[in-house]
Amino acid sequence: MAAPRDAEIHREVQNYYGNVLKTSADLQTNACVTPAKLVPKYIREILQNVHEDVTSRYYGCGLVVPERLENCRILDLGSGSGRDCYVLSHLVGEKGHVTGIDITKVQVDVAKNYLEYHMEKFGFQEPNVTFLHGCIEKLAEAGIQKESYDIVISNCVINLVPDKQEVLREVYQVLKHGGELYFSDVYASLEVTEDIKSHKILWGECLGGALYWKDLAIIALKLGFCSPRLVAANIITVQNEELERVIGDCRFVSATFRLFKLLKTEPAQRCRVVYNGGITGHEKELIFDANFTFKVIIRDPFKLAEESEKMNHRHAPHGAGGCCGKKKSC
């Protein structure tokens, strides 16, 4: 049984996302807004086929689309109106499957209403998306089996749950070995105060329940995940004087992390990793996290020359010549 305060938070979250917020324009901070610069072209093209009623009720804070999703089974925690689910359904294809689960029935109903619309848009004969009404810290109760998903995603939702550790424990259970949790959420620079935690608007805007960022690694390692890999982060601004007074010196960021569930093995020997390309949206390089990027190795000198020529044309001043141009001899 959840503590009385936990049950109250659940009710407040459902009311905020089901009744208070009608569209993303009603938000009072930029915590639940994905920066446009984060969305690559191939995903923007898919989003053009997502219904406006779905995208208008989207409250994500990051981009939760890992690479190489063809034929994968994906679970979306706090799927809301289904925007991310429908993008992912296109990427996994008809042989893959996406399950979305959300505590707010109004949001789940919106997502379900447009299932046929999106399957027709994507040209799929059978639906490859399922939406469930339930709590993300009680996945088993919603009928989700252990070790049944390749990837779990979440977009600015875990902060809305009082018990973050329980959510991550449930994720660890439903992930297959070798799977990952790829998620965006809000993090605090300090332990949030009781004034922040008890403020209904700040909780609904994803700040009141934000985890102190250093605690993520502690919880993840305790449950068996590998150390968190930071992918991206953006500062959150609050353009409301009353809310700023409550927040005080605490700062917030939206950040994307990836947590891997790997088999326990002996320390691996050092090795060289080569990326050969071929993954949709990552044709020239694969950004693993904020610290590691794998570029496609170029061995063909003609291909390298062509790439260099393109870069020179893109950055050279107008009228610039080569090394043997008219104004300079080699």
*Quick one: sort the His282 and Tyr42 rings into parallel, tilted or perpendicular, breaks at 30° and 60°.*
perpendicular
*asked:* If I take atom OH from residue Tyr275 and atom CG from residue Leu286, how far apart are they, to the nearest 0.5 angstrom?
replied: 5.0 Å
*Taking the side chain as every heavy atom from C-beta outward, state whether Cys250 and Thr193 have any pair of such atoms under 4.5 Å apart.*
no
*asked:* If hydrophobic clusters are built from ILVMFWY residues whose side chains come within less than 4.5 Å, do Leu211 and Ile136 share one?
replied: yes
*Distance in Å, Leu75 CG paired with Ser154 OG, rounded so as to fall on 0.5 Å steps*: 9.0 Å
*Decide, yes or no, whether a salt bridge links Arg258 with Glu67 under the criterion of side-chain N to carboxylate O below 4.0 Å.*
yes
*Could you tell me whether the side chain of Phe183 reaches within less than 4.5 Å of the side chain of Leu77, counting heavy atoms only?*
no
*Spacing of CD belonging to Glu137 relative to CD belonging to Glu170, to within rounding of 0.5 Å*: 8.5 Å
*In terms of ring plane angle, is the pair His90 and Phe122 parallel, tilted or perpendicular, where the classes change at 30° and 60°?*
perpendicular
*Take Phe252 and Val238 through the test side chain to side chain contact (heavy atoms under 4.5 Å, CB included) and record every step on the way to the result.*
CA-CA 10 Å; Phe252 297 90; Val238 180; 5.7 Å; no
*Spell out, as yes or no, whether a donor-acceptor pair under 3.5 Å connects the side chain of Asp185 to the backbone of Ile158.*
yes
_Shared hydrophobic cluster for Ile287 and Ile151 (ILVMFWY, side-chain gaps under 4.5 Å)_ = no
*Pair Leu181-Leu168, side chain to side chain contact (heavy atoms under 4.5 Å, CB included): steps then yes or no*: CA-CA 9 Å; Leu181 168 62; Leu168 295 182; 3.5 Å; yes
*Under 6.0 Å from the CG atom of Asp249, do we count more than 12 heavy atoms belonging to anything else shown?*
no
*asked:* Whether the Asn49 and Tyr86 side chains hold a donor-acceptor pair (N or O, under 3.5 Å, no angle test) is what I'd like checked.
replied: no
*Measure from the side-chain N and O atoms of Glu285 to the backbone N and O of Thr293, and report whether any donor-acceptor pair falls under 3.5 Å.*
no
*Does Ile201 reach the side chain of Glu242, with side-chain heavy atoms less than 4.5 Å apart?*
no
*asked:* If you define the side chain from C-beta out and look only at heavy atoms, does anything of Trp213 sit under 4.5 Å from Leu230?
replied: no
*Are Glu306 and Lys303 close enough for a salt bridge, meaning some N to O gap below 4.0 Å?*
no
*Hydrophobic clusters join Ile, Leu, Val, Met, Phe, Trp and Tyr when side-chain heavy atoms are under 4.5 Å apart, directly or via other members; which others share one with Leu221?*
none
_Once rounded to the nearest 0.5 Å, what's the spacing between atom CG of Leu88 and atom CG of Asp76?_
7.0 Å
*Under a single-linkage definition using a 4.5 Å side-chain heavy-atom cutoff for Ile, Leu, Val, Met, Phe, Trp and Tyr, are Tyr182 and Phe292 assigned to the same hydrophobic cluster?*
no
*How about Cys61 and Asn155: do any of their side-chain heavy atoms sit closer than 4.5 Å?*
yes
*Geometric cation-pi criterion, Arg73 with Tyr149: 6.0 Å, 45°*: yes
_With a 4.5 Å cut-off on side-chain heavy atoms, are His177 and Lys261 touching?_
yes
*CD1/Ile101 to CZ/Phe131 distance, rounded to the nearest 0.5 angstrom?*
12.0 Å
_Aromatic contact, Tyr187 with Phe257 (centres under 6.0 Å)_ = yes
*May I ask you to decide if Gly82's main-chain N or O and Ser79's side chain share a donor-acceptor pair within less than 3.5 Å?*
no
*Side-chain heavy-atom pair Asp53, Ser81 within 4.5 angstrom cut-off*: no
*Which ILVMFWY residues are connected to Ile297, directly or by a chain of links, through side-chain heavy atoms under 4.5 Å apart?*
Val274
*State plainly whether the residues Asp109 and Lys105 are in salt-bridge range, i.e. N to O under 4.0 Å.*
yes
*Look only at the side chain of Asn128 and the backbone of Ser89, and say whether a donor-acceptor pair between them is shorter than 3.5 Å.*
yes
*Any donor and acceptor pair, going by atom type alone, linking the side chain of Lys164 with main-chain N or O of Gly209 inside 3.5 Å?*
yes
_Side-chain donor/acceptor of Trp203 to backbone N/O of Lys197, under 3.5 Å_ = no
*Got Val161 and Cys135 here, is their nearest side-chain heavy-atom distance under 4.5 Å?*
no
*Nearest-0.5 Å distance, NZ of residue Lys214 to CG of residue Leu190*: 10.0 Å
_I'd like to know if the side chain of Asn159 and the backbone of Leu207 have a donor-acceptor N/O pair within less than 3.5 Å._
no
*asked:* Let's go through Leu47 and Val39 carefully: what are the C-alpha distance in whole Å and the side-chain angles of both, what is the deciding distance for side chain to side chain contact (heavy atoms under 4.5 Å, CB included) to 0.1 Å, and is it a yes or a no?
replied: CA-CA 10 Å; Leu47 283 170; Val39 184; 4.3 Å; yes
*Given side chain to side chain contact (heavy atoms under 4.5 Å, CB included), test Val92 with His97 step by step and report yes or no.*
CA-CA 7 Å; Val92 301; His97 191 273; over 6 Å; no
*Single-linkage hydrophobic cluster, 4.5 Å side-chain cutoff, Phe288 and Ile279 together*: yes
*Is it true that a side-chain atom of Lys95 and a backbone atom of Asn71 form a donor plus acceptor pair closer than 3.5 Å?*
no
*asked:* Tell me whether Ile219 shares a hydrophobic cluster with Phe260, the cluster being built from Ile, Leu, Val, Met, Phe, Trp, Tyr side chains joined at under 4.5 Å.
replied: no
